[in-house]
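Please find one structure pasted underneath; my questions will follow.
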Amino acid sequence: GLGLSHKRDENFGEWYSEVVVSGEMIEYYDISGCYILRPWTMSIWEIMQAFFDAEIKKMKIKNCYFPVFVSPGVLQREKDHIEGFAPEVAWVTKSGDTDLEVPIALRPTSETVMYPYYSKWIRGHRDLPLRLNQWCNVVRWELSNPTPFIRSREFLWQEGHTAFATQAEADKEVLEILELYRRIYEEFLAIPVVKGKKSENEKFAGGLYTTSIEAFIPNTGRGIQGATSHCLGQNFAKMFDINFENEKGEKGMVWQNSWGYSTRTIGVMVMVHGDDKGLVLPPKVASVQVIVIPVPYKDADTQAIFDACSTTAERLNEAGFRAEADLRDNYSPGWKYSHWELKGVPLRIEIGPKDMANNQVRVVRRDNASKVDIPTSNLVEQIKDILENIQQSLFDAAKQKRDASIKVAKTWEEFTTALNEKKMILAPWCDEEEVEKDVKTRTKGEMGAAKSLCTPFDQPELPEGTLCFASGKPATKWTYWGRSY
Ligand SMILES: O=C1CCCN[C@@H]1CCCn1cnc2cc(F)c(F)cc2c1=O
Ligand SMILES: [Mg+2]
């Protein structure tokens with residue numbers, strides 16, 4: 001029968017795996033770490049993509065498509081970029097039963113695929129800025145525990161790759177893109193995130209600096225990187241000889257950025273908003289925002305009830321909402337309620353004989369199960385208000401839970417206590433790499449080590465003489481720490 005067999009607060013991992021399948025988002029696949037993305041997932045991905053694609057087009061960024069295959073030569077061009085990642089690279093070694101002369105890698109990211117051509121295309125300052133993006137899949141043969149959306153061997157993302165004449169232009173774009181990522185999380189997925197800068201230890205090794213948005217999963221007490229926007233500096237320009245002649249005829253290397261977000265966003269949304277009845281979709285990304293369900297009664301006029309349901313769905317769709325009527329005659333109303341609750345549809349409309357007689361419909365919210373009767377005369381306006389209210393209250397609830405998971409720690413004792421309480425820890429840090437490595441060593445365990453999540457742009461006051469929680473040296477900044485995905 002319907003209904004989940006795992007409770008969110010009892011066995012989060014089992015609950016998560018079951019809810020993405022029962023909600024018809026994911027189908028497990030016969031290759032470990034690979035998942036089938038069903039329409040219920042793709043519609044969410046497409047809604048976010050439509051927003052982000054429109055926004056980058058306003059910034060004059062153009063879409064392109066580079067091959068998925070990478071020749072080994074270029075992939076290994078950047079030593080410290082690739083060394084740590086080598087085990088994750090998947091290789092094509094045969095065609096048919098013939099070995100390839102040279103094995104070919106599948107792109108884990110496209111810097112090394114694209115930048116030899118950036119070198120070719122960029123000659124003079126008039127060729128700048130060059131700003132390209134691609135929507136594609138990438139392959140990373142992850143070895144640690146695969147999790148739908150969160151950690152898979154193939155995933156969908158967009159990757160932006162831009163080149164500028166000056167560092168100032170690059171710095172500015174890094175933050176413009178990061179703001180778009182914040183909007184995806186906070187305005188569409190109703191998930192609060194922290195904007196900040198990654199530590200030297202956690203940043204993209206091939207780049208100059210990394211900014212990110214960090215989310216938090218209170219149930220597991222783990223931070224999760226939501227999206228990244230890197231300034232690559234001139235590192236890749238040096239490696240791939242990407243230079244240009246400026247107005248004065250001088251040769252200079254370009255300044256580059258690369259930035260991406262992936263289908264991981266959807267997994268974070270499931271974890272943050274889901275409950276024991278299944279998915280809970282924020283209206284902004286719900287492919288069905290309102291499901292209309294007929295409640296026929298033995299001697300009532302069933303056809304009239306079904307017609308009222310179709311009309312109600314039509315009126316809502318004409319008003320720009322995404323509504324459907326579930327008129328299947330082989331399922332009971334009760335079965336339909338559970339089914340669409342599992343799938344996380346934000347709003348249910350029930351229409352039975354009494355509702356018909358009173359020219360009203362019964363509206364049930366998925367987030368708080370509240371019921372209200374609405375006169376059909378004022379339907380569109382009230383549905384609009386309720387959906388906006390659901391979006392806002394999902395965000396508010398998630399923010400309240402996330403804020404309750406943040407703890408300030410000024411000493412090692414307070415830090416480890418908060419870590420064991422599954423908190424996201426805000427601590428004063430001396431910003432020394434060795435100290436961060438030391439924190440990882442000292443917190444190693446079966447739950448995984450703690451690491452820095454980001455140094456928030458929004459820095460609290462740091463009183464003179466505040467000491468680092470881990471080293472006792474003078475602290476220079478507040479940084480978020482925690483276990484992470
Ligand atoms: O994070 C982004 C945004 C989109 C464009 N790329 C950057 C940096 C990607 C960092 N990264 C991340 N993972 C990798 C995995 C690999 F197997 C590999 F060969 C390389 C990488 C790798 O460079
Ligand atoms: Mg990785």
Side-chain angles (χ1 to χ4, degrees), residues 33 49 52 56 61 63-66 68-92 103-115 118 130-147 149-163 170 173-178 180-181 184 197-198 200-214 222-233 235-236 239-240 256-265 267 448 451 454 484-485:
Q49 179 177 34
F52 188 79
I56 59 174
I61 293 164
N63 283 330
C64 60
Y65 186 80
F66 280 74
V68 70
F69 302 109
V70 197
S71 47
V74 287
L75 188 74
Q76 280 129 0
R77 184 83 68 89
E78 219 283 22
K79 277 288 155 273
D80 62 359
H81 158 225
I82 198 71
E83 69 183 6
F85 292 121
E88 291 179 26
V89 180
W91 295 88
V92 178
I104 294 168
L106 295 177
R107 69 178 162 227
T109 182
S110 299
E111 279 79 1
T112 59
V113 171
M114 298 170 78
Y115 298 169
Y118 278 37
L130 176 60
R131 308 172 82 180
L132 300 180
N133 176 67
Q134 63 180 16
W135 294 93
C136 65
N137 66 329
V138 282
V139 176
R140 295 174 185 176
W141 218 252
E142 302 271 358
L143 301 169
S144 52
N145 49 335
T147 309
F149 299 118
I150 302 298
R151 192 178 297 106
S152 54
R153 288 175 161 170
E154 176 188 13
F155 56 86
L156 304 181
W157 74 350
Q158 57 62 225
E159 48 179 322
H161 296 269
T162 55
E173 187 203 61
V174 165
L175 298 180
E176 287 168 348
I177 295 294
L178 197 69
L180 291 180
Y181 292 152
I184 284 176
K197 193 178 174 205
K198 285 286 187 188
E200 280 307 296
N201 201 39
E202 288 301 321
K203 76 173 190 182
F204 172 28
L208 179 61
Y209 63 84
T210 291
T211 68
S212 67
I213 50 170
E214 301 291 335
R222 288 176 182 273
I224 184 160
Q225 181 179 293
T228 49
S229 183
H230 313 281
C231 177
L232 308 179
N235 301 358
F236 282 89
M239 214 183 322
F240 288 92
Q256 291 175 273
N257 294 336
S258 75
W259 28 268
Y261 82 95
S262 73
T263 36
R264 163 179 280 204
T265 48
K451 62 184 183 179
C454 79
S484 73
Y485 282 90

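Everything numeric in this text was worked out from a predicted model, so none of it was measured. Order of appearance sets the numbers: ligands from 1, and atoms from 1 within every ligand.
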### Test side chain to side chain contact (heavy atoms under 4.5 Å, CB included) applied to Asn137 and Phe155, step by step
CA-CA 5 Å; Asn137 66 329; Phe155 56 86; over 6 Å; no

### Message
Ile150 vs Ile224, test: side chain to side chain contact (heavy atoms under 4.5 Å, CB included). Steps then yes/no.
### Response
CA-CA 9 Å; Ile150 302 298; Ile224 184 160; 3.7 Å; yes

### Task
Tell me the residues surrounding ligand 1, counting only those with a heavy atom closer than 4.0 angstrom, sorted by chain and number.
His81, Ile82, Phe85, Glu88, Val89, Pro108, Thr109, Glu111, Arg140, Trp157, Glu159, His161, Phe204, Thr228, His230, Ser258, Trp259, Gly260

### Query
Do Phe52 and Tyr261 pass the ring-ring contact (aromatic ring centres under 6.0 Å, His included) test, and can you show the C-alpha distance, the side-chain angles, and the key distance before you say yes or no?
CA-CA 10 Å; Phe52 188 79; Tyr261 82 95; 5.2 Å; yes

### Task
Would you kindly say whether Glu159 and Ser110 are connected by a side-chain donor-acceptor distance under 3.5 Å?
yes

### Task
Report yes if some heavy atom in the side chain of Lys198 is under 4.5 Å from a heavy atom in the side chain of His230; otherwise report no.
no

### Task
Under the side chain to side chain donor-acceptor pair (under 3.5 Å) rule, collect the residues that match up with Arg131, sequence neighbours excluded.
Glu173

